[in-house]
Amino acid sequence: MTTGGSGIAHGFPHLDTVRAALTALYRRVSHDTVSTFPTSVLPVDVAFDDTEDLHLGAQRIARAMVHQLHLPDARIVLTFREMEHAATVELTAGPEYFVELNDRFRHHRKDIGAALAHEVTHVWLHRLDLSFPGTRDNEILTDTTAAYLGAGWLLLDAYREHGPFSQKLGYLTPEEFGYVLAKRADLFGEDPAPWFTSPQAYDAYTAGRARARQDAHRPPLAGAGWAARLRYAKDRRAAQGRTAPPATGPGAGYAFEAASGGGAPLRVSFPCPTCCQRIRVPVRGRLQARCGLCKTLLDCDT
């Protein structure tokens with residue numbers, strides 16, 4: 001939960017798992033369900049100062065998270081105890097919610113919302129029977145889902161570095177949280193930047209947003225930059241000269257594939273910039289493709 005500055009990872013080491021989590025989310029609940037989360041939990045709903053009763057305030061914030069994730073209203077039992085992790089939740093069929101919070105949150109109330117965002121998302125995923133194998137990947141799925149559905153911006157705001165003190169909650173790096181939040185902002189037109197109270201969180205969001213924008217400017221998308229387009233054209237010519245076109249090199253994102261059947265056009269596959277599912281289209285110049293999973297309409301130049 002609390003680490004030294006050297007213990008906080010940065011960059012995008014889990015990006016493949018984050019993208020897989022976005023795809024899994026859309027596959028499990030559909031575009032229509034994701035579209036019912038257009039508004040994030042608001043800062044006023046999770047504000048918590050020293051004048052409010054500890055347990056009543058924590059329960060109020062937990063209810064805000066339950067409502068944000070469209071979970072059923074039910075009794076929420078919250079306790080505080082010494083533990084290694086920030087919080088734990090009992091995963092049951094419900095309807096009650098049983099959450100334990102680290103004792104340090106008695107004196108660091110500002111971050112209770114972040115801890116509850118993660119734990120309530122665990123409940124949401126459990127009741128959907130959506131999980132990844134392995135603890136690490138499952139926790140990344142939880143953080144990604146929390147951020148994408150409007151509760152997890154608090155997890156990024158809990159990232160702070162002040163001299164010898166540093167803190168980060170969750171399993172994603174700060175920049176990866178920024179990446180997911182930027183994906184959400186592109187989908188719903190909701191900018192979380194004004195809500196950040198941590199300068200480091202804002203910087204991480206900016207870095208993640210820049211990385212997310214790269215996804216929308218990669219060939220064969222029409223908005224790709226000229227250098228990327230030149231490389232794509234070179235790879236396409238090479239693929240057209242082969243009987244069985246190989247996948248392109250690491251980092252390109254796209255791959256050429258020989259279509260089945262004689263005379264069928266060459267195809268190119270690439271990840272959807274919204275849900276990260278791979279899309280396959282024929283190589284035939286300018287065209288529009290709609291992702292069958294998230295319904296995003298994409299302008300392509302294949």
Side-chain angles (χ1 to χ4, degrees), residues 11-32 34-35 132-133 137 140-141 144 148 173 175-176 178-180 182-187 189 207-302:
F12 303 93
H14 313 113
L15 197 54
D16 288 345
T17 308
V18 169
R19 289 168 171 165
L22 290 173
T23 304
L25 177 64
Y26 273 96
R27 285 178 177 164
R28 183 65 183 85
V29 303
S30 81
H31 159 77
D32 291 342
V34 171
S35 297
F132 278 178
D137 286 0
I140 290 172
L141 169 65
T144 300
Y148 200 67
T173 68
E175 293 79 13
E176 288 168 343
Y179 174 87
V180 179
K183 292 284 190 183
R184 173 181 168 80
D186 287 341
L187 180 65
R209 183 175 59 190
R211 185 65 186 84
R213 287 177 175 171
Q214 290 179 20
D215 292 354
H217 295 86
R218 300 170 69 181
L221 297 172
W226 67 270
R229 292 295 311 169
L230 286 176
R231 177 183 175 182
Y232 176 84
K234 179 181 178 181
D235 292 338
R236 180 180 58 198
R237 287 193 299 269
Q240 287 171 332
R242 298 173 182 263
T243 303
T248 56
Y254 55 83
F256 294 101
E257 304 171 0
S260 59
L266 184 72
R267 296 186 304 176
V268 61
S269 68
F270 61 96
C272 171
T274 299
C275 69
C276 305
Q277 176 182 250
R278 292 197 74 82
I279 299 171
R280 290 172 174 80
V281 296
V283 175
R284 64 182 188 197
R286 294 298 293 260
L287 57 84
Q288 286 189 322
R290 185 176 297 277
C291 177
L293 190 58
C294 69
K295 313 303 181 186
T296 302
L297 185 63
L298 303 168
D299 288 321
C300 304
D301 187 355
T302 60

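Just the heavy atoms: all of them, side chains too, but no hydrogens, waters or symmetry mates, feed the values below. Since the structure is predicted, the reported quantities are computational estimates derived from the model, not experimental observations.
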Show me the donor-acceptor pairs, under 3.5 Å and distance only, between side chains in residues 19-27 and residues at least two apart or in other chains.
from, atom 1, to, atom 2, distance (Å)
Arg19, NE, Tyr179, OH, 3.1
Arg19, NH2, Asp215, OD1, 3.1
Thr23, OG1, Arg19, O, 3.2
Thr23, OG1, Cys275, O, 2.7
Tyr26, OH, Tyr148, OH, 2.7

For this session: Provide the closest heavy-atom pair for Arg278 versus Gly253 in the form atom of the first, atom of the second, distance.
Result: NH2-O, 2.8 Å
For this session: Only counting residues at least two apart or in another chain, list the ones meeting ring-ring contact (aromatic ring centres under 6.0 Å, His included) with Tyr232.
Result: Tyr254, Phe256
Exercise. Residues in side-chain contact (heavy atoms from CB on, under 4.5 Å) with Ser35, at least two apart?
Worked result: His31
For this session: Can you see which heavy atom on Ile140 is nearest to which on Val18, and at what distance?
Result: CG2-CG2, 4.0 Å
Show me the side-chain donor-acceptor pairs of residues 292-302 shorter than 3.5 Å, one per line, residues at least two apart or across chains.
from, atom 1, to, atom 2, distance (Å)
Lys295, NZ, Gly292, O, 3.3
Thr296, OG1, Thr274, OG1, 3.1
Asp299, OD1, Gln288, NE2, 2.8
Thr302, OG1, Pro282, O, 3.3
Thr302, OG1, Arg284, N, 2.8
Thr302, OG1, Gly285, N, 3.0
Thr302, OG1, Gly285, O, 2.9

Problem set entry | Test log, rule side chain to side chain contact (heavy atoms under 4.5 Å, CB included), inputs Arg211 and Phe12 | CA-CA 9 Å; Arg211 185 65 186 84; Phe12 303 93; 3.6 Å; yes
Seminar exercise, completed: d(His14 NE2, Asp16 CG) to nearest 0.5 Å is 11.0 Å
Problem set entry | Closest heavy-atom pair and its distance - Gly11, Thr173 | O-OG1, 2.6 Å
For this session: For Ser269 and Glu257, work out which heavy atoms get closest and say how close.
Result: OG-OE2, 3.1 Å
Exercise. Quick one: side-chain hydrogen bond (donor to acceptor under 3.5 Å, both in side chains) partners of Arg28, sequence neighbours excluded?
Worked result: none
For this session: Rounded to the nearest 0.5 Å, what's the gap from CZ on Arg184 to OG1 on Thr144? Could you check?
Result: 13.5 Å
Seminar exercise, completed: When every non-hydrogen atom of Ala212 is compared with those of Lys183, the smallest separation belongs to O-NZ, 4.2 Å
Exercise. CD of Glu176 to OG1 of Thr17: how many Å apart, nearest 0.5 Å?
Worked result: 8.5 Å
Seminar exercise, completed: In short, Arg209 meets Ala182 closest at the heavy-atom pair CA-CB, 3.5 Å
